[in-house]
Protein chains: 2
Amino acid sequence: MSKAEKRSEIVHAALELIAENGFHGAPMAMIAERANVGAGTIYRYFENKDVLINGLCQDLEERMYPVILTGYSADSPLRDRFLHLGAALLRYFIGNPLDFRFLEQFHNSPYGVEHRRDKILGKNAGYNVFRELFQAGVSRQVMKDLPLVILFALAFGPLLAVARDHILNFITLDDDLIARTVEASWDGIRN
Amino acid sequence: MSKAEKRSEIVHAALELIAENGFHGAPMAMIAERANVGAGTIYRYFENKDVLINGLCQDLEERMYPVILTGYSADSPLRDRFLHLGAALLRYFIGNPLDFRFLEQFHNSPYGVEHRRDKILGKNAGYNVFRELFQAGVSRQVMKDLPLVILFALAFGPLLAVARDHILNFITLDDDLIARTVEASWDGIRN
DNA sequence: CTATACGGAATGAACGTTCATTCCTGTTAT
DNA sequence: ATAACAGGAATGAACGTTCATTCCGTATAG
């Protein structure tokens, strides 16, 4: 097994275990076992568990962004752009439940809060499709004149909640239901 | 200290610690210390940690419901009823951040998922103001014709998200902002 | 071409720490 | 005096992390 493969085995095993059992249910020994490596080997690739977990999150975002942005045109009407992003996000989560469950675990942990604080208040507020879309929406008065944070909550709160419900089998989302849900969440933010 | 007082000290300490530091950051020894009791004493009141935590959740719901339902009239128009419940919920969470943080921790843990599964699919689907309100909304065509679970997500997803953002100091909610947020989430579900 | 030596990578047993839970001692109330 | 209770030290299981050792591919010597 090459070095890169081994690293990715470790990352994949960790993601799987954390998604399935939460942070509690993913001790290093178990990650090592599932990745078919020795317990110590992990520490050749990651300084410690914190670094592994933060790395996981970064890897994940890098995999997710391109998928969501496929077919996204910054020139379309705002409504279309929102519907595209919302549906793409929802489909991604449904198609990659492990990624979704990991992100949920991550965001409800000390790691996640710090991560989000940086994103909202922090330096690397850099380029961000979502922020750009919402700022345009507000300034063109297509969206409600509410703080960005609240618009985010109105838009993505429902989407994350239905993704969770689908993955926990409380409901089964098909393409029609996805579309109607995203449209409903658009109704929440549009003027 | 009376027996009932001691029990409530333990419950309060546990809620505080779990809310502040998550489940990881609330070992029994620390709960005992904050409650000014011995570590073993807790086990005279609760069989084990699981029982303590589930008890916490039940206590909390019993404290929350009356507050939210104060001034609620089942005869008002559906829109008013929703606005009342939404604003009351949001205000409760903002005024009782520890309760909110605990509920979040709880719902993102194995305990919480089981608890919710029971509530949605389970037996004790018994009386529930929210369910009743939404069923009425759908059947009178005041709300979108979507599965109940999705309407819940559309309505409460945003409210929980903004409550979280307020408590984490990403935004400061005042009465005006609360009202406008609840109205926006109503736009998401109404026809 | 084969045999030997080398060095980085992998290993997993062992360590120190932390936790939930138990147990025994001392205290209080009757 | 006795029973019920409270306390916190003791216990053992589980965890993240370390480190002495083994393994293996490659370079070097014969």
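Note on naming: letters A, B, ... go to the chains in the order of the sequence lines (proteins, then strands), and numbering restarts at 1 for each one.
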### Query
Over how many whole Å does the gap from Leu52(B) atom CG to dT21(C) atom C1' extend?
13 Å
#### Entry: Pairs meeting criterion salt bridge (charged side-chain N to carboxylate O under 4.0 Å, His left out) with involvement of residues 17-39 of chain A, two or more places apart
Glu16(A)-Arg34(A), Glu20(A)-Arg34(A)
I'd like a table of atom pairs between the protein and nucleotides 7-15 of chain D - only N or O on both sides, under 3.5 Å - with the distance next to each one.
unit_1	atom_1	unit_2	atom_2	d
dG7(D)	OP2	Gly38(B)	N	3.1
dG7(D)	OP2	Thr41(B)	OG1	2.8
dG8(D)	N7	Ala39(B)	N	3.3
dG8(D)	N7	Gly40(B)	N	3.0
dG8(D)	O6	Gly40(B)	N	3.4

### Task
State yes or no: are the ring centers of His24(B) and Phe23(A) separated by less than 6.0 Å?
no
### Query
Should Tyr43(A) be listed as having a side-chain N or O under 4.0 Å from OP1 or OP2 of dA9(C)?
no
### Task
Determine, using ring centers only, whether His115(A) and Phe106(A) are less than 6.0 Å apart.
yes
Please list, one pair per line, the donor and acceptor atoms closer than 3.5 Å that link side chains of residues 172-181 of chain B to other protein atoms, with sequence neighbours excluded.
unit_1	atom_1	unit_2	atom_2	d
Asp174(B)	OD1	Asp176(B)	N	3.3
Asp174(B)	OD1	Leu177(B)	N	2.8
Asp176(B)	OD2	Arg180(B)	NE	3.4
Arg180(B)	NH1	Asp145(A)	O	3.1
Thr181(B)	OG1	Leu177(B)	O	2.7

### Message
Show the nearest heavy-atom pair for residues Glu61(B) and Pro66(B), with the distance to one decimal.
### Response
O-CD, 4.5 Å
### Task
Please state how far atom CD in Glu33(B) lies from atom P in dA6(D), giving the value in whole angstrom units.
19 Å
### Message
Whole angstroms only, please: what is the CD1-P distance between Ile42(B) and dA6(D)?
### Response
12 Å
### Task
Mind calculating the distance between OH (Tyr45(B)) and P (dA20(C)) to the nearest angstrom?
20 Å
### Query
Going through the checks in order, is the ring pair (Phe, Tyr, Trp, His ring centres under 6.0 Å) test met by Tyr92(B) and Phe100(B)?
CA-CA 8 Å; Tyr92(B) 184 87; Phe100(B) 177 77; 9.9 Å; no
#### Entry: Euclidean distance, atom CD of residue Glu9(B) to atom P of dA6(D) [Å, nearest integer]
13 Å
